[in-house]
Every structure is written in C-alpha cells, then in structure tokens.
Protein chains: 2
Amino acid sequence: MEPGDSTKQARAAAQLRKGVLEYCVLALMRDRPRYGVELLHALEESGALATSQGTVYPLLSRLRRDDLVTTTWQESASGPPRRYYALTDSGRAALDEFTRVWPGFRNAVDAFLTTPHPPTGDLA
Amino acid sequence: MEPGDSTKQARAAAQLRKGVLEYCVLALMRDRPRYGVELLHALEESGALATSQGTVYPLLSRLRRDDLVTTTWQESASGPPRRYYALTDSGRAALDEFTRVWPGFRNAVDAFLTTPHPPTGDLA
DNA sequence: ACCTGGTTCCATGCGATGCAAGATACCTGG
DNA sequence: CCAGGTATCTTGCATCGCATGGAACCAGGT
C-alpha cells in the first residue's frame with residue numbers, strides 16, 4: 001500500500017480492520033508463540049489485513065496489559081533478541097469467544113449486501 | 001442487549017461493527033430511500049448489527065457531509081415528519097466498492113480463524 | 001385546553017482503535 | 001568504524017461506536 005493511498009478502497013479496508021485485527025493476531029498465536037515482525041509478515045501475506053508496526057505494537061501492548069498474552073525474550077541467530085508472545089488462558093478464551101461470534105456477524109453483513117430491500121416490505 | 005452489558009462477547013461485537021455499519025446502512029438504501037428509525041429497526045432485526053440512535057444519527061450526518069446520501073423531508077401519516085436518506089452516485093459507488101472488497105476481507109478472517117499455524121512454517 | 005405517551009430527529013462527550021512518523025537498540029559485513 | 005538490516009516501542013492524530021440527554025411533532029384521554 002502506497003503511503004499516500006487515500007482511495008475509497010483503502011479507506012473502506014482500513015475501517016474494516018478495526019476490532020478484527022486483535023483477534024486475527026490472537027489466532028496467529030494459537031499453535032505457537034510469535035514475535036512482532038513475524039506477526040506483521042503473516043498479516044501482510046494475507047493481503048486484506050496488511051498493516052504497519054505502528055498498529056501492531058500498540059495492539060500487542062494492549063493484549064499484554066489485559067493479560068491475554070504473556071511474553072518471553074528469546075535470542076535470535078541473526079539480529080536483536082525477539083519478544084515472543086503466547087496466549088494465556090484468557091487470551092484463548094477471547095479467541096474462542098470471537099470464533100463463536102464471527103460467523104453470525106459475517107453472515108449478517110453478507111445478507112445486507114446481497115439481499116434486495118424491496119419497497120413493498122422486507123418479508124412480513 | 002442490556003445497557004450495562006460489558007461482557008467480552010459484547011465488546012467483540014461492538015468493535016466488529018466499526019466501519020461495517022456505514023456500508024450496511026448504505027446497502028439498506030440501495031433499493032429505496034429510508035429514514036432514521038427505519039434503518040435502526042432493520043439493523044436491530046439483523047441481530048448482529050443492532051445499535052442505537054446515538055450511533056445511527058451521527059453516522060447519517062457523516063454520510064451527508066461526505067455527499068454519499070441526500071435527504072428530503074416527507075410528511076408522516078402518524079407522527080412528526082421524517083427525513084428520508086437516498087444514495088447519491090458517490091454513495092452507490094462507495095457501496096459497490098465495499099461489495100468488491102468485503103469478500104476478500106471476510107475470507108481472510110475466516111482463514112485466520114480456521115487455518116492451523118504449525119510450528120514448522122506456514123507453507124513455504 | 002391540558003397533558004401523557006409514542007415517534008422522530010439531533011448534539012455532546014467519552015473510550016477504543018488504526019496509523020503515520022519517529023526514536024532506540026542489536027547484530028553483521030565492509 | 002560505519003552502513004544496513006532486524007526488531008522493538010512511543011507519540012500524536014483522526015475516526016468511529018456508544019451512552020446520554022434534549023427537542024419537536026402528533027394523537028388520544030380527561
């Protein structure tokens with residue numbers, strides 16, 4: 001994404017990420033601990049959820065503040081040490097909760113976008 | 001939803017609505033003009049996107065400010081006059097743009113929630 | 001005429017979130 | 001010693017959902 005990209009498409013995508021990014025990051029930690037730049041790359045490869053460091057690190061700080069993740073420093077073979085983030089029980093519960101809520105939300109949006117809204121009345 | 005409902009489920013759902021509500025409201029106006037309370041009821045019936053007047057009216061003000069909708073006053077058979085909101089060409093373009101972006105976003109989130117993230121490497 | 005209730009509209013202030021920009025530190029290689 | 005890549009974090013801003021409160025209009029009962 002270009003720095004000065006203020007198209008309507010970019011704006012819609014930016015607003016979409018709100019609130020979802022947190023749980024996608026938790027989902028990435030589900031099977032093993034991850035570190036910041038690793039999460040950043042995984043989000044970038046997904047395409048639709050690409051973001052920046054200025055978004056991920058404050059998010060990770062909030063997750064740690066709310067006891068959804070714990071962190072451990074670990075040496076790296078090449079480069080500075082990495083802070084690995086792992087799910088706590090609360091974090092896993094939050095992820096499960098979101099996984100339960102998401103399908104209903106997704107289907108509701110799909111319905112609004114695809115269902116016609118005729119003048120005569122919805123369905124009553 | 002109770003007024004003082006601050007459960008994790010409610011919190012996740014609240015954050016999810018961010019950015020999506022705007023386009024669901026536009027989608028409701030796709031086939032005919034709507035007025036405020038009518039939009040509020042339609043959102044409430046969907047379940048997952050139920051919200052309040054304090055959310056809808058500022059949203060409608062922003063849509064009008066950005067020239068995505070136009071408004072016309074119309075008398076009501078029972079009650080005060082209603083302000084009907086209709087899509088402009090820009091509004092319809094924004095809705096089409098969102099309709100194009102949404103499936104990719106939705107599938108990306110689905111992938112994060114359902115795809116395992118094994119230790120050995122993603123897929124490379 | 002009064003007043004109670006329902007309907008419809010809107011404004012204000014707060015908390016949460018994504019983001020651009022910048023700062024700091026570590027390691028490797030020339 | 002210095003340049004570049006890797007990795008972490010902070011600050012200030014803009015946007016958005018929401019609770020709360022207020023204002024206006026109409027119908028019906030007393």
Side-chain angles (χ1 to χ4, degrees), chain A residues 1-6 8 10-25 34-41 43-44 48-66 68-69 71-85 105, chain B residues 1-6 8 10-25 33-41 43-44 48-66 69 71-85 105:
Chain A
M1 199 164 20
E2 302 292 333
D5 193 349
S6 299
K8 286 167 185 170
R11 187 171 156 276
Q15 295 308 324
L16 269 178
R17 291 184 203 109
K18 295 213 171 190
V20 177
L21 210 51
E22 171 180 345
Y23 297 98
C24 287
V25 165
R34 303 272 195 162
Y35 66 98
V37 173
E38 189 181 9
L39 294 167
L40 205 59
H41 289 164
L43 291 170
E44 183 137 20
L49 284 163
T51 183
S52 66
Q53 297 182 355
T55 295
V56 167
Y57 283 110
L59 168 59
L60 290 172
S61 293
R62 289 195 298 270
L63 293 178
R64 193 168 35 156
R65 182 199 62 192
D66 299 342
L68 300 180
V69 300
T71 67
T72 54
W73 284 101
Q74 202 161 330
E75 297 296 326
S76 167
S78 61
R82 300 163 175 169
R83 190 198 285 273
Y84 277 83
Y85 296 81
F105 174 82
Chain B
M1 194 162 25
E2 301 294 332
D5 193 349
S6 301
K8 284 168 185 171
R11 186 171 155 275
Q15 295 307 323
L16 269 179
R17 292 184 202 110
K18 295 212 170 190
V20 178
L21 210 52
E22 171 181 345
Y23 296 98
C24 288
V25 166
R34 303 273 194 161
Y35 66 99
V37 174
E38 189 182 9
L39 293 167
L40 206 58
H41 288 163
L43 290 169
E44 183 136 20
L49 284 162
T51 181
S52 66
Q53 296 182 357
T55 295
V56 167
Y57 283 109
L59 168 59
L60 291 172
S61 294
R62 289 195 297 270
L63 294 178
R64 193 167 36 154
R65 183 198 61 192
D66 299 342
V69 301
T71 66
T72 54
W73 284 99
Q74 202 162 329
E75 298 296 326
S76 168
S78 61
R82 300 164 175 171
R83 191 198 285 272
Y84 276 83
Y85 296 81
F105 173 82

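All chains are named by letter (A, B, ...) in the order of the sequence lines, taking the proteins before the strands, and each is independently numbered beginning at 1. Just so it is clear, the model here is predicted, and its values are computed rather than measured. Below, each value reflects all heavy atoms present in this structure, side chains not excepted, and no hydrogens, waters or symmetry copies.
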> Checking all strands, does Y85(A) fall into the base, sugar-phosphate, or nothing category for heavy-atom contacts under 4.0 angstrom?
Replying inline: sugar-phosphate

> Within the structure shown, what part of the strands sits under 4.0 Å from L60(A) by heavy-atom distance: base, sugar-phosphate, or nothing?
Replying inline: nothing

> Hey, which of these two, W73(B) or P58(A), hits DNA chain C nearer its 5' end, going by closest nucleotide?
Replying inline: W73(B)

With a 4.5 Å cut-off on side-chain heavy atoms, are [Y] and [X] touching?
X: V25(B); Y: Y23(B); value: no
X: T55(A); Y: L40(A); value: no
X: R83(A); Y: Y35(A); value: no
X: L39(B); Y: L60(B); value: yes

>> Going by the rule side chain to side chain contact (heavy atoms under 4.5 Å, CB included), which residues pair with R62(B) if we only count those two or more places apart in sequence or in a different chain?
In response: P58(B), L59(B), R65(B)

> Can you list the residues that meet the side chain to side chain contact (heavy atoms under 4.5 Å, CB included) rule with S76(B), with sequence neighbours excluded?
Replying inline: R82(B)

On the nucleotide [N], are OP1 or OP2 found under 4.0 Å from the side-chain N or O atoms that [X] carries?
X: S52(A); N: dA20(C); result: yes
X: R62(B); N: dC16(D); result: yes
X: T55(A); N: dG18(C); result: no

> Expressed in angstrom and rounded to an integer, what is the separation of Q74(A) atom CD from dT8(D) atom P?
Replying inline: 11 Å

> Considering residues at least two apart in sequence or located in another chain, which fulfil the side chain to side chain donor-acceptor pair (under 3.5 Å) criterion with E38(A)?
Replying inline: R32(A), R34(A)

>> Under the rule for ring-ring contact (aromatic ring centres under 6.0 Å, His included), what residues qualify as partners of Y57(B), not counting sequence neighbours?
In response: none

> What does the inter-axis angle of the helix from dA1(C)-dT30(D) to dG30(C)-dC1(D) come out as, five pairs per end, nearest 10 degrees?
Replying inline: 10°

>> Return whichever of K18(A) or R64(A) has its heavy-atom-nearest nucleotide of DNA chain D closer to the 5' end.
In response: R64(A)

Could you go over nucleotides 5-8 of chain C and give all protein N or O partners under 3.5 Å, atom names and distances?
unit_1 : atom_1 : unit_2 : atom_2 : d
dT8(C) : OP1    : Y35(B) : OH     : 3.0
dT8(C) : OP1    : R82(B) : NE     : 3.3
dT8(C) : OP1    : R82(B) : NH2    : 2.9

